[in-house]
Amino acid sequence: MLGPASAARADEEVTAAPFNRFTAAAVTIDQGEKLTFRNTDGADHNVTARDRGEDGRPLFASQTIGDGRSSEVDGVRFLTTGSYAFLCTIHPSMTGTLNVSSAGTPLQRPAADTTAPSVAAAVRRTTLARVARSGRLTVNVRLDEAARVTLRATTRIRGRTVRLARRAGVRLGDGRGRVTLRLSRRARRTLGSVRRAVVTVEVRAVDAAGNGTSVRARRTLRS
């Protein structure tokens with residue numbers, strides 16, 4: 001007679017415990033197997049590979065999580081047989097080794113994203129007097145993927161370039177977004193002293209893979 005079916009093997013786990021330590025110096029998984037990070041310490045921790053891939057990012061990493069939470073360690077299922085050092089980037093003295101056996105089959109790593117985001121931008125229609133009074137300039141941005149956006153607004157007044165505003169690191173999702181720039185007092189005074197100004201906004205969008213696109217939007221503002 002056949003014996004009872006064996007229980008399914010649980011995912012391997014790296015555990016952080018008080019105070020600022022991993023409970024095991026090494027953990028072993030098969031190729032293609034999942035790895036979970038569990039935090040039982042009072043401080044925030046993560047599991048991050050020391051080595052980096054061709055994209056310049058760690059070969060594997062978990063989220064940074066607090067006490068009582070768990071996170072899958074992304075990237076380990078692509079690893080081939082070998083030993084991989086890891087650490088907590090918040091507490092670098094916390095270190096360990098991930099050993100990947102010759103059993104199992106690694107998943108195929110997705111092709112690197114080398115496509116820059118598509119970006120369109122337009123300065124919202126308004127009057128020069130309103131911008132000078134409120135100190136705000138609104139820019140409509142359209143993206144085909146999520147990205148971090150940096151905007152820089154300038155104008156030319158009496159033959160010289162005047163910096164109006166700059167805003168960096170704005171996270172926008174796929175689709176349409178709206179970003180408001182706050183002008184400096186000097187910029188507001190400058191715009192209030194003229195009856196017409198051509199405003200140029202440079203928009204730089206960078207996606208999660210580091211691909212970037214820059215565009216310019218212009219609008220003539222009149223009092």
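This is a predicted model, so every value here is computed, not measured.
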> Is the closest side-chain heavy-atom distance between Asn39 and Arg69 below 4.5 Å?
Replying inline: no
> Do Val203 and Val179 pass the side-chain contact (heavy atoms from CB on, under 4.5 Å) test, and can you show the C-alpha distance, the side-chain angles, and the key distance before you say yes or no?
Replying inline: CA-CA 11 Å; Val203 181; Val179 181; over 6 Å; no
> Among the clusters formed by ILVMFWY side chains lying less than 4.5 Å apart, do Leu87 and Val100 turn up in the same one?
Replying inline: no
>> Could you measure the distance from the CG atom of Leu164 to the OG atom of Ser184? Nearest 0.5 Å is fine.
In response: 7.5 Å
> For Arg160, which residues count as a side chain to side chain contact (heavy atoms under 4.5 Å, CB included) partner, sequence neighbours excluded?
Replying inline: Val162, Arg186
> For the atom pair CG (Asn99) and CG (Asp30), what is the distance rounded to the nearest 0.5 Å?
Replying inline: 11.5 Å
> Mind checking whether Val206 and Val170 sit in one hydrophobic cluster, side chains of I, L, V, M, F, W, Y counted as touching below 4.5 Å?
Replying inline: no
>> Measuring only between side-chain heavy atoms, which start at C-beta, is Leu143 closer than 4.5 Å to Val149?
In response: yes
>> To the nearest 0.5 Å, what is the distance between CZ on Phe37 and CD1 on Ile65?
In response: 4.5 Å
> So, the side chain of Thr138 versus the backbone of Arg124: is there a donor-acceptor pair under 3.5 Å, distance only?
Replying inline: no
> Roughly how far apart are Phe19 CZ and Met94 CE, rounded to 0.5 Å?
Replying inline: 12.5 Å
>> Just to verify, what does Glu145 make a side chain to side chain contact (heavy atoms under 4.5 Å, CB included) with, not counting sequence neighbours?
In response: Asp113, Pro117, Asp207
> For residues 213-223, which residue pairs qualify under side chain to side chain donor-acceptor pair (under 3.5 Å), counting only residues two or more places apart or in two chains?
Replying inline: Thr200-Arg218, Glu202-Arg216, Arg204-Ser214
>> The test is side-chain contact (heavy atoms from CB on, under 4.5 Å); show your working for Phe86 and Val73 and say whether it passes.
In response: CA-CA 11 Å; Phe86 63 82; Val73 184; over 6 Å; no
>> Quick check for you: to the nearest 0.5 Å, what is the distance between Gln63 atom CD and Glu72 atom CD?
In response: 10.0 Å
>> Do Phe78 and Ile29 sit in one hydrophobic cluster, given that two such residues count as connected whenever their side-chain heavy atoms are within less than 4.5 Å of each other, even indirectly?
In response: no
> So, does Asp41 use its side chain to make a donor-acceptor pair with the main chain of Asn20 at under 3.5 Å?
Replying inline: yes
> Looking at residues at least two apart in the chain, or sitting in another chain, which of them share a side-chain hydrogen bond (donor to acceptor under 3.5 Å, both in side chains) with Thr64?
Replying inline: Asn46
> Once you round to the nearest 0.5 Å, how far does OG of Ser101 lie from CD of Glu33?
Replying inline: 8.0 Å
> Which is it for Val198 and Arg196 under the side-chain contact (heavy atoms from CB on, under 4.5 Å) test, yes or no, and what are the steps along the way?
Replying inline: CA-CA 7 Å; Val198 178; Arg196 175 183 176 277; 3.9 Å; yes
>> Applying a strict under-4.5 Å side-chain criterion to I, L, V, M, F, W and Y, I'd like to know whether Val141 and Val215 cluster together.
In response: yes
>> Which residues pass the side chain to side chain contact (heavy atoms under 4.5 Å, CB included) test with Ala132, not counting sequence neighbours?
In response: Leu191
> Do Leu221 and Val194 share a hydrophobic cluster (ILVMFWY, side-chain heavy atoms under 4.5 Å, transitive)?
Replying inline: yes
> Just one of Val76, Asp74, Val47 clears the side-chain contact (heavy atoms from CB on, under 4.5 Å) bar with Ser62, so which one?
Replying inline: Val47
>> Working note: Thr161 + Arg156, criterion side chain to side chain donor-acceptor pair (under 3.5 Å); need CA distance, chi angles, decisive distance, verdict.
In response: CA-CA 5 Å; Thr161 299; Arg156 295 279 294 177; 2.9 Å; yes
> Mind checking what makes side chain to side chain contact (heavy atoms under 4.5 Å, CB included) contact with Thr80, not counting sequence neighbours?
Replying inline: Gln31, Tyr84, Pro106
